[in-house]
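Read the structure below first, then the notes.
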Amino acid sequence: MNTLVTSAFLAVIGIAAAPAAEAGELWRATGLEQPESALFDAANNRLIVSNISGNPGEADGNGYLSVLSVDGRTVTRHWTDGMDAPKGMAIAGGKLYVADITKVRVVDLASGKLVASITVPNAVFLNDMTSDQSGKVYVTDMLADAIYRIDSDRPELFVRDPMLASPNGVFADGDRLIVASWGKDIKSDFSTAEPGGLLSVDIASKVVSPLPGAQKFADLDGVIAIGDTIYATAYMTGTLYRYQAGGAPEALAHFKPGSADIGTDGKSILYVPLMNEGEVAALKLD
């Protein structure tokens with residue numbers, strides 16, 4: 001999660017959850033600066049990590065991207081500079097797209113060079129990103145209950161709906177977007193009147209639907225899917241959840257508060273940024 005108030009980062013919310021299941025930790029990469037997102041770049045067999053390095057909502061020029069090997073070694077600490085507070089990322093058409101407050105940065109995947117900045121009109125706090133099968137890119141606006149779509153580097157409002165309830169994480173899953181909601185009536189300290197849950201947005205119709213059994217259980221941050229299983233993080237408690245249709249969210253692992261936009265190799269490994277620790281943890285799923 002990306003918050004503007006440090007005290008809110010450190011708050012712990014009591015959440016009723018099932019006992020933690022097993023997920024083995026493979027490694028931790030250290031020495032990062034508020035890592036918010038970890039994206040697996042399959043074509044180049046590496047991880048790209050966004051570092052906020054400052055206030056998550058301030059255009060201070062401190063943000064940058066790092067490259068890690070798949071065994072957690074730092075390959076390039078400052079791979080892409082010139083950003084403010086980079087968060088979620090997506091790959092499409094040989095380019096890397098990065099959410100950066102009110103802009104989407106475009107990075108050349110081969111060189112790491114920042115090649116363009118796309119201003120998203122009326123954006124407030126852009127957060128996570130994903131790309132669909134056709135190469136279109138989506139980015140959530142957490143503080144505007146909105147999702148934008150970028151097609152051929154042109155941004156447009158895709159959907160704005162109160163049901164999104166402070167959308168944070170987003171993941172393209174076939175003909176739908178899976179959205180992790182932070183919760184309703186988000187306050188200045190990022191507490192909420194009602195916790196969030198998991199949602200589905202039909203790409204064709206743009207209809208927003210709650211996922212059964214996965215509502216009002218946590219202020220959610222990142223989300224990904226592997227097959228029919230969805231994984232989501234709750235920043236304030238550091239909890240990693242697993243969810244399958246017809247069931248209830250199950251606590252899979254617990255970290256210190258600060259687990260953010262997770263990534264995956266699409267098979268059996270999750271990459272969890274731990275913002276407050278300056279680390280990325282790799283987990284092997286059973």
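This one's a predicted model, so the numbers in the text were calculated from it and none came from an experiment.
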Donor-acceptor under 3.5 Å ([X] side chain, [Y] main chain):
{"X": "Asp202", "Y": "Arg176", "value": "no"}
{"X": "Thr80", "Y": "Gly112", "value": "yes"}
{"X": "Ser37", "Y": "Ser50", "value": "no"}
{"X": "Trp79", "Y": "Leu68", "value": "no"}
{"X": "Thr130", "Y": "Ala172", "value": "yes"}

Test item: [X] and [Y] side chains (from C-beta on) under 4.5 Å apart, heavy atoms:
{"X": "Leu283", "Y": "Glu25", "result": "yes"}
{"X": "Glu36", "Y": "Pro273", "result": "no"}
{"X": "Met129", "Y": "Leu39", "result": "no"}
{"X": "Ser166", "Y": "Met142", "result": "yes"}
{"X": "Tyr148", "Y": "Leu126", "result": "yes"}
{"X": "Thr237", "Y": "His254", "result": "no"}
{"X": "Glu194", "Y": "Asp185", "result": "no"}

Step by step, work out the side-chain contact (heavy atoms from CB on, under 4.5 Å) result for Tyr231 and Ile262.
-> CA-CA 8 Å; Tyr231 300 88; Ile262 56 177; 3.9 Å; yes

Evaluate the criterion side-chain hydrogen bond (donor to acceptor under 3.5 Å, both in side chains) for residue pair Ser66 and Asn51; output intermediate values, then yes/no.
-> CA-CA 7 Å; Ser66 299; Asn51 296 264; 3.0 Å; yes

So for atom [atom1], which belongs to [X], do other residues, nucleotides or ligands contribute more than 12 heavy atoms lying within a distance under 6.0 Å?
{"X": "Lys187", "atom1": "NZ", "value": "yes"}
{"X": "Asp60", "atom1": "CG", "value": "yes"}
{"X": "Lys113", "atom1": "NZ", "value": "no"}

Between Tyr241 and Phe217, how do the two ring planes meet: parallel, tilted or perpendicular, split at 30° and 60°?
->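 Perpendicular, since the angle between the ring planes exceeds 60°.
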
Interatomic spacing from [atom1] in [X] to [atom2] in [Y] - rounded to 0.5 Å:
{"X": "Lys256", "Y": "Met275", "atom1": "NZ", "atom2": "CE", "value": "15.5 Å"}
{"X": "Gln34", "Y": "Lys87", "atom1": "CD", "atom2": "NZ", "value": "10.0 Å"}
{"X": "Tyr235", "Y": "Asp261", "atom1": "OH", "atom2": "CG", "value": "11.0 Å"}
{"X": "Thr76", "Y": "Tyr64", "atom1": "OG1", "atom2": "OH", "value": "12.0 Å"}
{"X": "Met89", "Y": "Asp41", "atom1": "CE", "atom2": "CG", "value": "10.0 Å"}
{"X": "Asn122", "Y": "Asp141", "atom1": "CG", "atom2": "CG", "value": "9.5 Å"}

If every non-hydrogen atom of [X] is compared with every non-hydrogen atom of [Y], which pair is closest and at what distance?
{"X": "Gly31", "Y": "Arg77", "answer": "O-NH1, 2.9 Å"}
{"X": "Ala218", "Y": "Ala234", "answer": "CB-CB, 4.0 Å"}
{"X": "Leu211", "Y": "Ser200", "answer": "CD2-CB, 3.8 Å"}
{"X": "Pro35", "Y": "Val49", "answer": "CB-CG1, 3.7 Å"}
{"X": "Ala92", "Y": "Ser131", "answer": "CB-CB, 4.1 Å"}
{"X": "Leu65", "Y": "Met83", "answer": "CD1-CE, 3.8 Å"}

Answer with yes or no whether the side chains of Thr192 and Lys184 bring together a donor and an acceptor at under 3.5 Å.
->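 No, no side-chain donor-acceptor pair sits under 3.5 Å.
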
Cut-off 3.5 Å, side chains only: do Tyr271 and Asp265 have a donor facing an acceptor?
->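 No.
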
With ILVMFWY side chains joined below 4.5 Å, transitively, what does Leu199's cluster contain besides itself?
-> Tyr138, Ile147, Phe158, Val159, Met163, Leu164, Val170, Leu177, Val179, Val201, Ile203, Val208

Give the cluster check for [X] versus [Y]: same hydrophobic cluster or not, with ILVMFWY residues linked at side-chain heavy-atom distances below 4.5 Å.
{"X": "Val223", "Y": "Leu270", "result": "yes"}
{"X": "Ile269", "Y": "Ile226", "result": "no"}
{"X": "Leu114", "Y": "Tyr97", "result": "no"}
{"X": "Val98", "Y": "Val75", "result": "yes"}
{"X": "Leu96", "Y": "Phe40", "result": "no"}

Chi angles and distances behind the side-chain contact (heavy atoms from CB on, under 4.5 Å) call for Thr233, Phe255 = CA-CA 10 Å; Thr233 52; Phe255 301 97; over 6 Å; no

Tell me whether [X] is salt-bridged to [Y], with the criterion being a basic N under 4.0 Å from an acidic carboxylate O.
{"X": "Lys103", "Y": "Asp84", "answer": "no"}
{"X": "Arg154", "Y": "Asp151", "answer": "no"}
{"X": "Arg242", "Y": "Glu250", "answer": "yes"}

Could you check Trp182 against Met236 for side-chain contact (heavy atoms from CB on, under 4.5 Å), going step by step and ending with a plain yes or no?
-> CA-CA 10 Å; Trp182 184 256; Met236 302 293 251; 3.5 Å; yes

Given Leu274 and Arg28, is the side-chain contact (heavy atoms from CB on, under 4.5 Å) satisfied, shown in steps?
-> CA-CA 10 Å; Leu274 305 173; Arg28 287 200 187 191; 3.5 Å; yes

Would you check, one step at a time, whether the test side-chain hydrogen bond (donor to acceptor under 3.5 Å, both in side chains) holds for Thr30 with Glu279?
-> CA-CA 5 Å; Thr30 62; Glu279 300 175 344; 5.8 Å; no

